[in-house]
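Computed from heavy atoms alone, side chains included, the values below leave out hydrogens, waters and symmetry copies. Atoms within each ligand, like the ligands themselves, are counted from 1 in listed order.
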Amino acid sequence: MSVELTKQGLVLSTNGLSAGYDGRAIVSEIAIEATPGKVVSVVGPNGSGKSTLLKSLVGVVKVLEGHITVGENEITNLPPEEVAKLGVGYVPQIDDVFPPLSVKENLEIGGYLLSRNEIPDRIDAVLDFFPKLKSMMTRKAGKLSGGERKMLAMGRVLMLSPAVLVLDEPTANLAPMVATQLLEEFVRGFADHGSTVLLVEQRAKAALRISDWTYVLGGGKVVLSGAPRDLEQNPLFVESFLGGSAAARSSSDE
Ligand SMILES: Nc1ncnc2c1ncn2[C@@H]1O[C@H](COP(=O)(O)OP(=O)(O)OP(=O)(O)O)[C@@H](O)[C@H]1O
Ligand SMILES: [Mg+2]
């Protein structure tokens with residue numbers, strides 16, 4: 001690899017975090033920690049506040065109470081660009097690429113904090129990690145398949161060699177096999193490169209398989225957390241996420 005893909009990870013942590021819209025908290029009392037070399041996941045039902053939590057970490061949604069730190073720096077309510085400069089790369093659940101622009105242009109935009117002459121080497125590093133994108137550089141992002149589009153969305157964020165990757169449901173709308181590959185090869189791969197990965201996933205079973213630690217969000221609060229193998233033994237978790245109707249959903253994830 002010509003230049004490093006990601007930087008050595010930093011600890012991302014929150015305490016007493018509450019955040020929401022128009023001054024009304026959607027998530028509250030959130031204390032979570034993600035550490036270098038690990039995948040930490042947040043799972044929870046639709047509307048439990050997963051995206052709101054991630055957005056509050058990266059300056060998109062207002063923090064109402066509490067603190068967020070990355071390494072030595074407090075990032076609470078910093079604008080997104082400042083959060084990015086401090087090493088946090090965020091891939092949103094939607095609006096993750098610019099559909100009318102080419103793959104190459106999307107990657108160039110991802111490098112918006114770099115000087116022009118740094119960009120070609122960075123693109124090479126991203127293409128080494130996602131070789132599938134190599135043959136698609138002139139294609140419009142809007143014409144990519146779901147899996148290719150997610151690779152591009154992650155590639156865009158990798159342009160700035162992040163220390164921390166914050167990923168919001170990277171497998172949404174992907175076919176099960178593509179989803180599994182994306183999680184096991186790429187998302188796990190970021191952590192194995194030494195970066196910090198904070199992953200939101202609805203596919204609880206698939207998320208647990210690649211996670212070192214998992215937080216369960218319910219009604220805007222962390223209701224449970226643990227190592228995946230312990231959560232898998234927890235009747236409450238199994239009932240809510242791996243059993244009943246959830247079993248039907250996650251078995252279709254395989
Ligand atoms: N821009 C907004 N303004 C006001 N309320 C919002 C806004 N975005 C989300 N909400 C509300 O916040 C709550 C949590 O939404 P959020 O998108 O964080 O959940 P989620 O866990 O990510 O759900 P999903 O699994 O469907 O992605 C929901 O009740 C939602 O309606
Ligand atoms: Mg969401």
Side-chain angles (χ1 to χ4, degrees), residues 12 14 16-32 34 39-66 68 75-80 83 88-97 146-147 149-150 153-154 156-157 164-176 178-180 182-183 187 197-211 213-226 231 236-237 239-253:
L12 168 73
T14 73
L17 178 72
S18 86
Y21 310 93
D22 305 320
R24 198 171 65 87
I26 295 284
V27 295
S28 56
E29 296 167 38
I30 305 284
I32 62 171
V39 175
V40 170
S41 52
V42 177
V43 301
N46 287 122
S48 56
K50 304 181 299 296
S51 294
T52 302
L53 169 61
L54 293 197
K55 287 176 185 167
S56 75
L57 301 180
V58 297
V60 177
V61 161
K62 191 165 169 30
V63 173
L64 303 170
E65 278 180 82
I68 308 161
I75 60 164
T76 318
N77 281 328
L78 287 186
V83 176
V88 181
Y90 165 58
V91 180
Q93 186 172 355
I94 49 169
D95 296 334
D96 53 352
V97 297
R149 179 181 167 128
K150 268 302 164 194
M154 292 192 206
R156 218 159 64 77
V157 157
V164 180
L165 279 144
V166 174
L167 308 173
D168 195 349
E169 292 208 41
T171 71
N173 306 318
L174 298 187
V178 181
T180 302
L182 195 109
L183 291 176
V187 176
V197 179
L198 181 63
L199 167 74
V200 156
E201 260 298 336
Q202 274 224 27
R203 296 176 198 252
K205 203 170 172 181
L208 259 58
R209 210 154 40 213
I210 62 151
S211 297
W213 191 261
T214 298
Y215 294 95
V216 181
L217 213 56
K221 291 203 163 68
V222 174
V223 291
L224 205 58
S225 66
L231 288 177
L236 180 68
F237 182 80
E239 170 64 26
S240 305
F241 290 97
L242 304 178
S245 58
R249 196 181 64 206
S250 50
S251 64
S252 71
D253 285 352

- prompt: Which of the atoms in ligand 1, numbered in the order shown and given with their element, are less than 4.0 Å from a heavy-atom of Pro45?
  reply: 21 (O)
message: Protein non-hydrogen atoms only, distance under 4.0 Å: does atom 30 (C) of ligand 1 have such a neighbour?
response: no
task: Answer yes or no: is there an ion pair linking Asp96 with Arg149, defined by an N-O contact shorter than 4.0 Å?
output: yes
query: To the nearest 0.1 Å, how far is atom 26 (O) of ligand 1 from its closest protein heavy atom, and which atom is that?
result: Asn46 ND2, 2.9 Å
- prompt: When only distance counts, is Gly49 in polar contact with ligand 1, meaning an N/O pair under 3.5 Å?
  reply: yes
query: Any N/O of Gly47 closer than 3.5 Å to an N/O of ligand 1?
result: yes
- prompt: Is there a donor-acceptor pair under 3.5 Å between the side chain of Thr14 and the backbone N or O of Ile32?
  reply: yes
- request: Consider ligand 1: state whether an atom of it lies below 4.0 angstrom from any non-hydrogen atom of Gly220.
  value: no
Atoms of ligand 1, numbered as shown, that sit under 4.0 Å from any heavy atom of Ser48: 19 (O), 21 (O)
message: Less than 4.0 Å is my threshold; does some heavy atom of Glu169 fall inside it relative to ligand 1?
response: yes
message: Quiz question for you: does at least one protein heavy atom lie closer than 4.0 Å to atom 19 (O) of ligand 1?
response: yes
statement: Honestly, for Ile26 the part within reach of ligand 1 (heavy atoms, under 4.0 Å) is side chain
field: Contact check: Thr52 to the Mg ion (ligand 2), N/O/S below 2.8 Å
entry: no
query: Does the shortest distance from the Mg ion (ligand 2) to an N/O/S atom of Ser51 fall below 2.8 Å?
result: yes
- line: Output for pair (Ile68 CD1, Leu78 CG), nearest 0.5 Å, gives 8.5 Å
